[in-house]
Amino acid sequence: MSDQNVFPVDPAFAANAHIDNAKYEAMYEQSINDPEAFWGEQGKRIDWIKPYTRVKNTSFDPHNVSIKWYEDGTLNVSANCLDRHLATRGDQVAIIWEGDNPEEDEKITYRDLHERVCRFANALKAQGIQKGDVVTLYLPMIPEAAVAMLACTRIGAIHSIVFGGFSPEALASRIIGAKSKLVVTSNYSLRGGKQVPLKANVDAAIDDHGASACIERVIVVQRTTKDVAWHENRDVWCHEVCAAASADCPPEEMNAEDPLFILYTSGSTGQPKGLQHTTGGYLVYASMTHEYIFDYHEGDVYWCTADVGWVTGHSYIVYGPLANGATTLMFEGVPSYPDNSRFGRVIEKHKVNQFYTAPTAIRALMQQGEDVLGDSDLSSLKLLGSVGEPINPEAWTWYHRIFGKGKCPIVDTWWQTETGGIMIVPLPGATPTKPGSATRPFFGVQPALVDSEGNEIVGAGDGNLVITDSWPGQSRSIFGDHERFVQTYFSTFKGSYTTGDGARRDEDGYYWITGRVDDVINVSGHRMGTAEVESALVAHPAVAEAAVVGYPHDLKGQGIYVYVTLKAGYEQSDDLMKELRNWVRSEIGPIASPDLIQFSPGMPKTRSGKIMRRILRKIAEDDFSALGDTSTLADPSVVDDLIEHRLNRK
Ligand code: WTA
């Protein structure tokens with residue numbers, strides 16, 4: 001290996017692992033050279049009602065983008081996650097729920113979960129939901145989130161989960177975009193001891209932001225005893241409709257290519273897009289990646305700290321683990337409540353074996369010092385995972401030392417909402433790791449690097465990361481807008497899926513993700529389109545123009561840097577700055593809250609009026625040595641003013 005800093009695979013770990021290096025090499029080769037045989041075999045890891053005879057039928061040709069896997073097979077996802085386990089593990093715990101309050105927890109067996117899902121599914125039917133309808137879930141991290149997801153899959157409804165941190169306005173646009181008839185929410189959510197009014201947000205989305213155009217029903221989970229406003233002809237209590245429903249609900253037979261869920265995510269332009277995932281290929285891929293990458297074995301307790309509002313929660317809290325008959329932990333709270341040792345306390349309490357979290361959480365804990373986890377007993381841990389953003393080598397080695405006691409392999413998992421499951425990752429029994437590198441492709445994944453003209457870079461080098469052929473977990477389309485799907489992902493580098501990320505490949509063929517190459521920023525592992533924040537800002541009466549860029553932030557990975565030009569008659573002030581920050585929070589949600597707001601009399605523009613973001617990015621990074629040629633700007637003096645008043649000074 002070319003680098004000094006290599007962590008070899010522990011031979012004892014490899015000896016018990018599902019995949020060692022010899023297996024990885026052999027299986028990877030087959031997955032590329034004979035995908036039909038490889039995926040034909042892997043498809044058998046789940047149960048089919050009618051077995052498939054066709055495995056792969058995919059085209060990345062921009063004139064005809066079409067992605068189908070197992071297309072003539074039929075199955076049901078909830079039957080795969082529940083019914084098929086009942087005979088062998090009905091009494092095994094499926095979900096360990098750990099509440100925000102450390103005194104509150106619940107263990108739900110596969111048998112209990114099956115019953116709760118069947119009742120919920122019948123309750124959905126009783127509220128008029130049919131196969132193909134879209135159900136929006138706006139829920140905290142409570143068991144009902146998993147129950148509602150599986151209940152949708154049981155009857156062939158499509159779920160669209162909206163993260164509970166999004167504002168009423170953002171929720172409404174996702175409800176309307178998906179033409180959803182029903183929302184499932186809770187009266188409040190609990191985070192860090194505070195109650196967040198989810199139901200009131202749903203009411204505002206419906207009554208003030210246009211979601212009344214499609215919403216007919218709201219199912220409300222009673223999370224806390226606090227009262228909420230009630231609409232007799234719209235709202236029903238979850239516990240009441242479930243108690244009234246039968247516990248017998250046969251699973252609907254679904255085609256492999258029927259939609260399973262929609263998940264909205266940010267892109268570089270326009271409003272968030274609803275990525276659509278389908279039933280068969282997604283489940284095969286989620287289940288396989290979960291088993292091999294986390295080296296999940298019978299009896300292990302597995303914990304992914306993500307929220308079900310993001311794709312990580314879909315694939316690696318619910319679908320992958322439950323398809324594998326695993327015990328999956330679901331955590332309602334935050335890492336800093338009641339104090340910063342919470343992650344350690346939960347690992348100790350439930351004897352967690354695999355722990356999967358985000359670099360932003362690791363960095364926040366790291367800042368608190370070496371003894372942040374107190375005297376928590378972490379000896380149950382066998383493996384650690386990281387997801388959502390590049391993990392800097394310092395955070396990697398700290399995670400390895402403090403959580404892993406130097407003995408747990410770390411899987412740095414690169415993937416996206418669009419990919420459905422993990423794509424580039426070390427397999428813990430096979431791949432020596434280098435801190436900061438996501439290392440090698442998973443089975444069936446063919447990454448390539450291309451320059452801006454689309455020429456492939458061979459050997460070591462830097463470029464745009466593309467994937468040259470399909471894998472079963474891939475998103476099939478954007479809900480209601482297939483043309484946008486084709487344009488966004490398949491038109492830039494013809495014949496390949498464009499990831500939007502940049503990457504470097506080293507001499508050993510390892511991939512190092514360098515971050516987004518488009519106008520998407522990654523704030524604490526949350527994807528944000530700069531265009532979304534800009535359009536929120538220009539909706540404020542004082543704002544004439546706004547430009548948003550990312551800048552390096554010690555804790556969040558990237559922070560949000562906003563340049564604002566005010567309309568005539570408005571004066572810059574600290575109060576206005578506060579007001580704009582709150583404005584963005586209420587338009588999108590707290591995760592979009594600007595870190596820095598610089599008032600600027602003008603924007604650097606080309607003579608044709610285009611904002612030169614490259615210059616704004618450099619100034620936000622406090623690196624104006626490399627501004628490049630500014631002489632083509634309409635008014636080059638704008639740049640001097642921006643530099644003089646810059647807010648991020650190293
Ligand atoms: C980034 C989250 C570096 C990347 C699963 C990608 C990462 C975007 C990693 C997708 C990683 C995710 N190393 N960067 N291990 N994992 N990313 O859709 O920029 O919320 O394009 O999916 O996160 O974010 P999304």
Side-chain angles (χ1 to χ4, degrees), residues 161-163 165-166 261-268 272-277 282 285-286 289-290 293 304-317 319-320 356-363 384-393 395-396 399 410-426 431 433-442 445 447 464-467 473-475 478 488-489 497-505 510-530 532 550 552 556-558 591-592:
I161 308 191
V162 179
F163 175 58
F166 278 119
F261 65 82
I262 303 171
L263 184 55
Y264 279 85
T265 192
S266 298
S268 50
K273 39 190 187 251
L275 269 313
Q276 194 170 308
H277 282 282
Y282 171 83
Y285 199 74
T289 47
H290 172 260
I293 293 165
C304 166
T305 70
D307 190 286
V308 290
W310 310 114
V311 74
T312 309
H314 286 64
S315 301
Y316 299 114
I317 294 178
Y319 291 120
Y356 187 31
T357 195
T360 187
I362 298 165
R363 287 192 298 265
L384 303 171
S386 171
V387 61
E389 47 177 326
I391 178 164
N392 40 316
W396 194 103
Y399 192 31
I410 296 183
V411 293
D412 175 1
T413 66
W414 175 83
W415 60 297
Q416 310 177 297
T417 305
E418 293 86 343
T419 70
I422 297 165
M423 300 286 281
I424 300 182
V425 65
T431 317
T433 48
K434 302 181 190 182
S437 172
T439 78
R440 307 192 287 191
F442 189 72
V445 174
N464 299 290
L465 178 65
V466 301
I467 312 290
Q474 176 171 30
S475 168
I478 290 173
T488 309
Y489 302 109
Y497 163 75
T498 300
T499 66
D501 278 320
R504 175 167 73 82
R505 189 170 47 222
Y510 276 32
Y511 288 86
W512 301 71
I513 308 299
T514 48
R516 301 288 305 195
V517 294
D518 53 13
D519 290 323
V520 170
I521 52 182
N522 194 324
V523 183
S524 300
H526 300 323
R527 240 170 105 163
M528 191 89 50
T530 53
E532 280 168 74
K556 301 179 174 183
Q558 278 188 301
I591 55 172

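For ligands, and for the atoms within them, numbers begin at 1 and follow the listed sequence.
Listed by chain and number, the residues in a salt bridge (charged side-chain N to carboxylate O under 4.0 Å, His left out) with Lys273 amount to none (sequence neighbours excluded). Arg505 pairs by the salt bridge (charged side-chain N to carboxylate O under 4.0 Å, His left out) definition with nothing, not counting sequence neighbours. Every ring-ring contact (aromatic ring centres under 6.0 Å, His included) that Tyr489 has, sequence neighbours left out, goes to Phe485, Tyr497.
Residue Trp396 forms a side-chain contact (heavy atoms from CB on, under 4.5 Å) with just one option from Leu384, Thr433, Ile362, and that option is Thr433.
Between the side chain of Thr417 and the main chain of Val311, no donor-acceptor pair closer than 3.5 Å is present.
Thr413 and Tyr316 share no side-chain donor-acceptor pair at under 3.5 Å.
Ligand 1 is surrounded by Val311, Thr312, Val387, Gly388, Glu389, Pro390, Asp412, Thr413, Trp414, Trp415, Gln416, Thr417, Asp501, Ile513, Arg516, Asn522, Arg527, each with at least one heavy atom closer than 4.0 Å.
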